[in-house]
Every structure is written in C-alpha cells, then in structure tokens.
Asks: 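Attaching a single structure in structure tokens format; questions to follow.
The sequence lines fix the lettering, A, B, ..., with proteins before strands; numbering per chain opens at 1. Hydrogens, waters and symmetry mates play no part in the numbers below; they use all other heavy atoms, side chains included.
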2 protein chains.
Amino acid sequence: MVTEENKSIEKRENILNVAEILFAQQGFEAVSIRELAKVADINIAMISYYFGSKEKLYEEIVLRKLTSTEKMKSIIEQHNTYTDKLFAISDLYADVFIENRNFHNIIFREMAMEQRTMMNAVITENLYKNFTLLSDIIRKGIKAGEFKKNIDIELVATTVIAVNKLFSTSPIVICKILNVDESEFTYGEKHKKRLKKYLHNLLTSYLAIP
Amino acid sequence: MVTEENKSIEKRENILNVAEILFAQQGFEAVSIRELAKVADINIAMISYYFGSKEKLYEEIVLRKLTSTEKMKSIIEQHNTYTDKLFAISDLYADVFIENRNFHNIIFREMAMEQRTMMNAVITENLYKNFTLLSDIIRKGIKAGEFKKNIDIELVATTVIAVNKLFSTSPIVICKILNVDESEFTYGEKHKKRLKKYLHNLLTSYLAIP
DNA sequence: GTCTATATATGGATAGAC
DNA sequence: GTCTATCCATATATAGAC
C-alpha cells in the first residue's frame with residue numbers, strides 16, 4: 001500500500017541518495033543545495049524542510065550507513081577456522097566498500113581531516129570497532145596455532161582495509177593499473193573476485209604456517 | 001645574499017606551504033582566501049597578485065611536488081637484486097608519503113574525484129608511471145627467478161601504495177589502531193621503521209620462493 | 001508539502017591609492 | 001609590492017503565499 005507517509009519517506013530517501021553521490025564526487029563544500037535540488041528534482045526549500053540544514057543532511061548521510069559491528073560478528077560466527085573467518089571479513093570489506101563506494105569515499109575523506117569533529121569521532125570509533133574484530137581473529141588464530149607467531153597484527157589488519165579501500169575509491173587510477181576500460185569497469189564481479197582472491201593469497205602467505 | 005627577489009620568492013613559497021596545509025586539512029572549497037591570508041600573514045590581494053587566482057594557486061601546489069620518476073629510477077639502479085630494488089621503492093613510498101603527507105592528502109582526494117579534470121589526468125599519469133616502475137621490478141624479478149610465478153603483479157604493487165597511503169593520510173585512526181597517543185605520534189622514525197619492516201616481510205612472504 | 005521571493009552572509013577578485 | 005574599499009557572484013536559509 002502506498003500511503004502519503006511512504007511517499008514522503010521515499011522523497012527523503014531520494015534526497016539522501018542523490019546527495020551521497022554528489023558529496024562523494026565533489027566534496028561537501030563543493031556541492032550547493034541548488035545543484036542538489038536540481039539533480040534530485042526537488043525544490044531548494046525542501047532540504048531545509050526535511051533535514052533542517054545542509055550540514056544536518058550531511059550528518060545523516062554519514063551516520064546512516066556505518067557498517068554495524070553486529071553484521072560482522074554474525075559472519076565471523078558462521079565460520080569455523082580462523083582462516084575462513086579472516087577470509088570472510090576480507091571479502092565483506094571488498095563487498096561493502098565496492099557496493100557503497102560513494103559512501104566510503106565520504107567516510108575516508110572525513111577520516112583524512114585532521115580537525116576533530118563530532119562526526120569524525122563517531123567514524124573513528126566505528127572503524128576501530130570493526131578493526132578490532134579483524135585483529136582479534138588474527139590474534140586468536142595465532143593462539144590456536146593456525147597462524148605464525150612473529151607477525152604484525154595491527155598492520156596486517158590495516159592492509160586488508162587499505163587495499164580494499166584504495167581499490168574501491170580510486171576508480172580512474174585502478175582502471176589504468178588493471179588495464180581495464182573505464183566504461184567496462186563498473187567494479188563488476190570479475191574484478192571483485194580478483195581482488196578477493198589476491199587478498200586471500202596475500203594473507204595466507206603472510207600468516208599461514210608452512 | 002638576500003636580494004629583494006629572494007624575499008619575494010620566499011613569500012611566494014610561504015603562501016604555497018601554508019595553503020598546502022590548509023587545503024590538505026579542509027579541502028579546496030572549504031578554505032577561503034581570507035582564512036589563508038590570515039594564517040599566512042599576508043594581505044588577501046597578494047594571492048591574486050602572486051598566483052592569479054585561488055584555482056591557479058591550487059594547481060601550482062598539486063603540480064610542484066609530484067614525485068619525479070627520475071628519482072625512483074636512480075634509486076632502483078642503486079640496488080642489485082630485485083628484492084632490494086623492491087624494498088627500496090617500498091621504503092621510498094613510506095618516506096615520501098609520510099614526509100609530505102599534507103601534499104599526498106590533497107593528491108589522493110583529487111584521485112577520488114570521479115570527474116576528470118586536467119589536473120586529475122596529470123596526477124593519474126604521474127602515479128601510473130611510478131606504479132609501472134614498481135610492477136616492472138616485480139615482473140623482472142619473476143623472470144630472473146627471484147620471485148614466484150603465480151602472483152598478481154598489479155595488485156601487489158597496488159598494496160605497497162595502499163598501505164603506505166592509508167598509514168600516512170589517516171593519522172587519527174592509525175593512532176588508535178597502533179595504540180599510540182596522537183601527541184606523541186608525529187609519524188616518528190619508530191613507526192616509520194615498523195611500517196617499512198612490515199611491508200618487507202609482507203612482500204617477502206608473498207613473492208619470495210621458499 | 002511545495003513554491004517564490006527575499007534576507008543575509010560570505011565567497012573570489014580587483015581597482016586604485018600609496 | 002602592499003593595502004583598503006568595493007564590486008559582484010553565489011551561497012544558505014527562511015518567511016509567507018498557496
């Protein structure tokens with residue numbers, strides 16, 4: 001049933017989605033609410049009406065999609081060995097970063113800011129929690145005798161995030177590096193599979209006991 | 001000898017340096033020439049006088065420090081084995097990214113833009129050239145029997161860049177991950193050494209023939 | 001909920017005096 | 001080279017009609 005309320009929510013959602021893309025592509029300050037209103041096909045006044053201000057709209061975009069730690073936890077529980085758990089989380093990062101690459105573009109731009117804001121603190125806290133789940137798997141894998149002992153736990157966990165991140169948020173350069181045409185390269189399954197497979201191999205060779 | 005001309009060049013340099021920091025911290029659009037003039041302790045009109053416009057000032061900041069391929073080439077030539085060549089380039093990335101982290105913050109933000117501009121093209125071309133030097137070392141190392149055959153050359157080269165990049169441009173999160181106090185963590189030698197050593201080990205375990 | 005019209009602020013840039 | 005004063009474009013935000 002399409003109620004009036006649903007219509008209203010849909011419009012709100014539409015503004016959020018369009019704004020997410022524009023903010024990701026150009027940055028917060030570079031996008032005017034006039035341009036946003038044009039692209040989203042709404043009146044300028046609607047942004048204040050729905051969100052109060054451009055700033056509050058931005059906050060909502062950032063906060064609404066932060067990957068929940070719960071999702072990660074449930075995926076970890078679905079696997080038995082620490083190797084499988086690690087692979088699953090690495091794959092999840094690839095999926096989440098690539099599928100929501102506009103969003104993560106915004107997140108990583110925010111992380112690169114040196115001034116500490118409320119949002120910055122929330123983002124850092126969220127990323128840290130997810131990071132902890134990753135490093136805990138490695139730590140436990142070492143204790144269980146599945147992984148080598150003399151490894152840099154923090155930096156190998158950082159590597160998973162860093163590689164997935166660069167791959168998903170710098171499309172032009174990545175296309176050039178992989179020798180793929182940009183029009184063809186929509187981060188399709190083929191390239192995602194390659195990325196996942198590579199990370200599995202990289203992690204295995206660094207962590208696994210020969 | 002301090003001539004009038006030198007003084008003028010110094011002032012120009014000062015504006016470039018201050019602007020680089022501000023643009024890195026806040027993004028191009030978020031920095032007003034009024035704020036820039038205040039921090040650099042110059043008059044607003046001086047920006048137009050020296051650079052023509054805010055846009056041209058930005059272009060000069062981006063273009064002036066792009067890592068020359070020549071420097072990389074000379075470093076590569078100084079080493080004999082492909083392993084040593086690879087380590088040297090990996091170390092160079094760590095040094096260059098960390099020492100010029102404000103600059104690289106700007107570069108990577110520009111890379112994340114999906115709209116293609118003149119500057120974007122120059123940056124991509126530069127990064128691609130440096131990337132090619134890196135992947136060539138790996139390719140030749142395989143031919144020479146120093147590295148394994150079944151590896152993903154492009155993605156391992158990307159990894160070197162990705163890890164060094166995240167490490168240098170997201171200080172707040174990295175501090176939290178490494179459990180280091182931010183005031184203490186000025187990307188000192190200690191953490192740089194750790195990063196370099198980790199990448200050596202990671203590359204060795206992925207590439208070296210057991 | 002949606003629009004127009006407008007208040008108000010701030011941005012980049014420069015003319016012209018010194 | 002340096003400054004003040006100012007022009008002009010564009011930004012956000014909202015009051016008030018519908």
Side-chain angles (χ1 to χ4, degrees), chain A residues 1-62 106 109-110 113 115 117-119, chain B residues 1-62 106 109-110 113 115 117-119:
Chain A
M1 195 180 68
V2 181
T3 62
E4 285 303 312
E5 203 192 331
N6 281 344
K7 267 191 199 169
S8 179
I9 291 171
E10 266 176 42
K11 280 197 179 169
R12 233 185 97 95
E13 275 294 310
N14 179 247
I15 297 172
L16 284 165
N17 293 334
V18 171
E20 185 183 283
I21 295 169
L22 293 178
F23 288 151
Q25 287 174 345
Q26 305 176 44
F28 177 72
E29 284 84 6
V31 179
S32 68
I33 55 170
R34 278 163 222 282
E35 183 187 357
L36 170 55
K38 211 174 183 180
V39 179
D41 197 31
I42 48 144
N43 189 280
I44 321 172
M46 288 296 96
I47 290 157
S48 289
Y49 178 75
Y50 280 120
F51 303 97
S53 70
K54 186 188 172 188
E55 188 84 34
K56 281 181 190 163
L57 163 64
Y58 186 64
E59 278 176 24
E60 190 163 332
I61 288 170
V62 170
I106 294 172
R109 200 174 287 151
E110 213 55 45
M113 300 281 180
Q115 304 152 316
T117 62
M118 178 275 288
M119 253 195 332
Chain B
M1 197 180 70
V2 181
T3 62
E4 284 304 311
E5 202 191 331
N6 281 344
K7 266 191 198 169
S8 178
I9 291 171
E10 265 177 42
K11 279 196 179 170
R12 232 185 98 95
E13 275 295 309
N14 179 246
I15 297 173
L16 284 165
N17 293 333
V18 171
E20 185 184 283
I21 295 169
L22 292 178
F23 288 151
Q25 287 174 345
Q26 306 176 43
F28 176 72
E29 284 83 6
V31 179
S32 68
I33 55 167
R34 284 177 169 82
E35 183 188 358
L36 169 55
K38 211 173 184 180
V39 179
D41 196 30
I42 48 144
N43 189 281
I44 320 170
M46 289 296 97
I47 290 158
S48 290
Y49 178 75
Y50 280 120
F51 304 98
S53 70
K54 185 190 173 189
E55 187 83 35
K56 282 181 189 163
L57 164 64
Y58 186 64
E59 278 177 24
E60 191 163 330
I61 288 170
V62 170
I106 294 173
R109 199 175 288 150
E110 212 56 43
M113 299 283 179
Q115 304 153 316
T117 62
M118 177 275 289
M119 252 193 335

Asks: Counting the atoms with a prime plus P, OP1 and OP2 as sugar-phosphate, which does B/Ser32 contact under 4.0 Å by heavy atoms, base, sugar-phosphate, or nothing?
Replies: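 The residue B/Ser32 makes sugar-phosphate contact but no base contact.
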
Asks: What is the distance, to the nearest angstrom, from the CZ atom on A/Phe28 to the P atom on C/dG11?
Replies: 14 Å

Asks: With a 4.0 Å cutoff (strictly under), does any side-chain N or O of B/Asn43 reach OP1 or OP2 of D/dT4?
Replies: yes

Asks: Rounded to the nearest Å, what distance is computed from the CG atom of residue A/Leu22 to the C1' atom of nucleotide D/dA11?
Replies: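 Whole-Å distance recorded here is 16 Å.
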
Asks: Tell me whether the side-chain N/O atoms of B/Tyr50 come closer than 4.0 Å to OP1 or OP2 in D/dT2.
Replies: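 Looking at the OP1 and OP2 atoms of D/dT2, one of them is under 4.0 Å from a side-chain N or O of B/Tyr50.
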
Asks: Identify which nucleotide among C/dG1, D/dT2, C/dA13 has an atom closest to any side-chain atom of B/Ser53, counting heavy atoms from C-beta outward.
Replies: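 Given the options C/dG1, D/dT2, C/dA13, the side chain of B/Ser53 is closest to C/dA13.
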
Asks: Using a cut-off of less than 4.0 Å, is there contact between a side-chain N or O of B/Lys11 and OP1 or OP2 of D/dT2?
Replies: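 Yes, B/Lys11 has a side-chain N/O under 4.0 Å of OP1/OP2 on D/dT2.
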
Asks: Let me know, please, whether A/Lys54 or B/Ala45 comes out on the 5' side of the other along DNA chain D by nearest nucleotide.
Replies: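 The residue closer to the strand's 5' end, by nearest nucleotide, is B/Ala45.
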
Asks: B/Arg109 side chain to B/Phe28 main-chain N or O, any donor-acceptor pair under 3.5 Å?
Replies: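 Between the backbone of B/Phe28 and the side chain of B/Arg109 there is no qualifying donor-acceptor contact (under 3.5 Å).
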
Asks: Would you name the heavy atoms of B/Leu36 and B/Ile15 that are closest together and state the gap between them?
Replies: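 Between these two residues, the closest heavy atoms are CD1-O, 4.4 Å.
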
Asks: Set out, in order, the CA-CA distance, both residues' side-chain angles and the distance that settles side chain to side chain contact (heavy atoms under 4.5 Å, CB included) for B/Tyr50 and B/Leu16, then state yes or no.
Replies: CA-CA 10 Å; B/Tyr50 280 120; B/Leu16 284 165; over 6 Å; no

Asks: Would you mind reading off the distance between B/Ile42 atom CD1 and D/dT4 atom C1', rounded to a whole angstrom?
Replies: 15 Å

Asks: Of the options D/dC3, C/dC3, C/dG12, whose atoms approach the side-chain atoms of B/Ile33 most closely?
Replies: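 Nearest to the side chain of B/Ile33 among the choices is C/dG12.
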
Asks: Without decimals, in angstroms, what is the distance between A/Met46 CE and C/dC3 C1'?
Replies: 8 Å

Asks: Measure the distance from CG on B/Leu36 to C1' on C/dG11 and round it to the nearest whole Å.
Replies: 14 Å

Asks: Would you mind reading off the distance between B/Arg34 atom CZ and D/dA5 atom P, rounded to a whole angstrom?
Replies: 13 Å

Asks: Mind checking the CD1-CD1 spacing from B/Ile61 to B/Ile106? Nearest 0.5 Å is all I need.
Replies: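 The distance works out to 5.5 Å.
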
Asks: Could you tell me the separation between the CD atom of B/Glu55 and the C1' atom of D/dA9, rounded to a whole number of Å?
Replies: 16 Å

Asks: If I take atom OH in residue B/Tyr49 and atom C1' in nucleotide C/dA15, what distance separates them, rounded to the nearest angstrom?
Replies: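 My rounded result for the distance is 15 Å.
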
Asks: Would you call B/Glu59 and B/Glu55 a side-chain contact if the rule is heavy atoms closer than 4.5 Å?
Replies: yes

